[in-house]
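Here the structure is a predicted model, which means the values were calculated and not measured.
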Amino acid sequence: MTVERIFDELGHFKRFQACLYFAAVFQAIACGIHYLASVFLVQTPNFVCSVPGNITAVLYGNLTASSLEDILPVFKSGTGPLVVKTTEGAQWELSQCRSALRINPKYFTYDFDGNKTVTACDGNFVYDHTEIHQSIVTDWDLVCDNEWLAKLCQPTFMLGVLIGALVFGDIADRVGRVRILMFTSVCQFGFGVAVAFSGNYYLFMVLRFLLAMVSSGYLVVVFVYVTEFTGIKVRTWTSMHVHAAFAVGVMVVALTGYLVRVWWIYQIILSTCTSPFLLLCWKFPETPFYLMAKGRYKDAQTLLDTIASFNGIECKLKVQELLEPEEGESGGALLDEAGEPAQPQKKLSMLDLFRTWKMARRTCTVWAIWFIGSLGYYVFSLGSVNLGGNQYMNLFLAGAVELPSYLVGCFAMDRIGRKKTCAPSLILAGISCMLIIVVPADIDAVAIALAMTGKFAIAIAFGLIYLYTCELYPTTIRTLAVGSGSMMCRVGSVVAPFCVYLADVWIYLPQLIVGILAFIIGVLTLLLPETLGRPLTTTLEEAEALGSEPSKKDSALGSKDAEDGLEMNHRKAKA
């Protein structure tokens, strides 16, 4: 079938496709929202153990106050306890997870050399509500021995993302793209609002896991949907800029987190801000590629007439014409060079990605790019709140900086090539991470600027790797290569939250890990072949031959032949 001819006749990106594209991409904002919502859902404010009785005085170094609420905003864990005095005259030394009762103190001073009775907190804590009025941490006391439950929130969500991509990607090929888009959109709204009303931690986790599955399902299928409704002339731009909608979602999270400091209200607002899409998705048509593949030719013809009418074009294209073979194709059985019926190709497997040393090296490098792209993306996004300065502004900038990165990426890919765009991007991200480590801790602005530079660079690599993978592998294993790369991407997203938590060990450890990996993988990317301007390969032998540069003489002849061929095609088109 030559379904691509639809776009030559009816337009590659005219009014009909543009309306569908922007409506579908609008809902992708919700995916960015839910992926990063946990940044503020599981925030842990300053806290200390509570004590029996009413507090009358508080000491913290040279500071004095009459209540814990007055001193908690400046309290720093690990710098010493808070000393409090109750109405009964008891004196306590309070830290985040321990409390110590002083035995027979003579004076109320900060330093005490006498005996103490140390006990662990029994679940009673006092939280600083200056910045965070209410989060799941303060509601369910996810601190101290239960701190791991809060830290499990984002990795569990990312595991749901992985499973959702596998499940819904397969179902979409069976029941259609539109049904999955509608189902996942409704579920995103339903599960998103339900999370706000979860009465306990375990129900919260289950609902967030289901929310992750449907969000991932929508994001995977919408890429396919917009690709199958736009022509080849704009397909690179349209597929790349679905990521831009995701980045807008990150910015919405930062803005909402700044304005709303109660987690369940915050969750409701984030879940409802894209709800207008639910009124539109029921009118979405199925893609022409899917209709033709399933033999629904009458529906396909109706769709072609609708597109033509909406675009103001007279529809002369008939479905039967799409079923006719192109010039030079065989109308019957496939024949080999000798004219004999060709033998059916054997089914290829994952092992064919590693069939030779050359392909094995290429596959390992491509998988590494998928992994570091996802790992770096989420480490920069999730870790932006730890950079110092205003955490809401940091996250907003982390989303905003992506928008120009995709524009730069698209221009660079089409002008200097895929490899020459991907490799410098990863190397720049690695250098930015290294420089963050050497910046003095008290200069927040420089650290934030370097982090945004790293996010800008990693977003370029993350955005182009899908197309680059398609071009590096032949038709026989292209889907397999992209699918396996996507799996490595999901692994990176699952690992990312754990990498961010390493900031508890050393504040710059996540950046160090990402920086080293990005730099090494960026250098390895230079060994990949360039695919700009080269036709897609169909066999493993052709794919392996990529990067084998012809001689200058052959290159000149090849360029001359290519120009002659283009001129001939142009004349045929006019005729």
Pairs flagged by ring-ring contact (aromatic ring centres under 6.0 Å, His included) wherever residues 402-434 is involved - sequence neighbours left out: Trp237-Phe411, His243-Tyr406

If you compare all heavy atoms of [X] against all heavy atoms of [Y], which two are closest, and at what distance to 0.1 Å?
X: Ser381; Y: Leu36; result: CB-CD1, 3.7 Å
X: Ile460; Y: Gly409; result: CG2-CA, 4.0 Å
X: Ala429; Y: Ala457; result: N-CB, 3.8 Å
X: Ile180; Y: Gly176; result: CG1-O, 3.5 Å
X: Thr184; Y: Gly217; result: CG2-C, 4.3 Å
X: Leu304; Y: Leu10; result: O-CD1, 3.8 Å

Lys151 atom NZ, neighbour heavy-atom count above 12 within 6.0 Å: yes

Verdict with reasoning, Cys364 to Phe354, per side chain to side chain contact (heavy atoms under 4.5 Å, CB included): CA-CA 9 Å; Cys364 289; Phe354 301 88; 4.0 Å; yes

Ser374 side-chain N/O to Arg490 backbone N/O, donor-acceptor pair under 3.5 Å: no

Under 3.5 Å: donor-acceptor pair, side chain of Ser215, backbone of Ala212: no

Pairs of donor and acceptor atoms involving the side chains of residues 21-29, under 3.5 Å and at least two apart or interchain, shall be tabulated with distances.
unit_1: Tyr21; atom_1: OH; unit_2: Thr238; atom_2: O; d: 2.8
unit_1: Gln27; atom_1: OE1; unit_2: Thr274; atom_2: OG1; d: 3.4

Can you confirm whether [X] sits close enough to [Y] that some side-chain heavy atom of one is under 4.5 Å from a side-chain heavy atom of the other?
X: Gln511; Y: Val514; value: no
X: Phe380; Y: Cys433; value: yes
X: Tyr468; Y: Lys419; value: yes
X: Val242; Y: Tyr225; value: no
X: Pro288; Y: Phe229; value: yes
X: Ser425; Y: Phe462; value: no
X: Cys153; Y: Arg208; value: yes
X: Tyr378; Y: Pro497; value: no

Given Val438, Ile437, Val439, the one that forms side-chain contact (heavy atoms from CB on, under 4.5 Å) with Leu450: Val439

Qualifying residue for side-chain contact (heavy atoms from CB on, under 4.5 Å) with Pro529, from Lys358, Arg362, Arg534: Arg362

Flag for Tyr473-Thr363: side-chain donor and acceptor within less than 3.5 Å: yes

No-hydrogen, no-angle side-chain donor-acceptor test under 3.5 Å, Thr230 and Gln17: no

Salt bridge (charged side-chain N to carboxylate O under 4.0 Å, His left out) partners of [range], not counting sequence neighbours, each pair once:
range: residues 449-463; result: Glu402-Lys455
range: residues 157-168; result: none
range: residues 403-415; result: Asp414-Arg418

Anything under 3.5 Å between a donor and an acceptor, one on a side chain of residues 154-166, the other on a protein residue two or more places apart or in another chain? List them.
unit_1: Gln154; atom_1: OE1; unit_2: Ser38; atom_2: OG; d: 2.2
unit_1: Gln154; atom_1: NE2; unit_2: Tyr35; atom_2: O; d: 2.9
unit_1: Thr156; atom_1: OG1; unit_2: Leu152; atom_2: O; d: 2.7

Pairwise distance CZ(Phe7) to CD(Glu228) - rounded to 0.5 angstrom: 8.5 Å

Could I get the full list of side-chain contact (heavy atoms from CB on, under 4.5 Å) partners for [X], not counting sequence neighbours?
X: Cys470; result: Tyr466, Arg478, Val482
X: Arg179; result: Val175
X: Leu403; result: Ala244, Ala247, Val248, Met251
X: Glu286; result: Arg177, Val178, Tyr290, Leu291

Pair Leu502-Ile513, side chain to side chain contact (heavy atoms under 4.5 Å, CB included): steps then yes or no: CA-CA 10 Å; Leu502 292 176; Ile513 293 172; 3.5 Å; yes

Show me the donor-acceptor pairs, under 3.5 Å and distance only, between side chains in residues 516-528 and residues at least two apart or in other chains.
unit_1: Thr525; atom_1: OG1; unit_2: Ile521; atom_2: O; d: 2.7

Side chain to side chain contact (heavy atoms under 4.5 Å, CB included) between Cys187 and Tyr218, worked out: CA-CA 10 Å; Cys187 287; Tyr218 185 89; over 6 Å; no

Test log, rule side chain to side chain contact (heavy atoms under 4.5 Å, CB included), inputs Leu303 and Phe16: CA-CA 11 Å; Leu303 176 60; Phe16 186 88; 4.2 Å; yes

Residue list, side-chain hydrogen bond (donor to acceptor under 3.5 Å, both in side chains) with Ser216, at least two apart or on another chain: none

Phe183 and Phe168 aromatic ring geometry - parallel, tilted or perpendicular at 30°/60° bounds: tilted

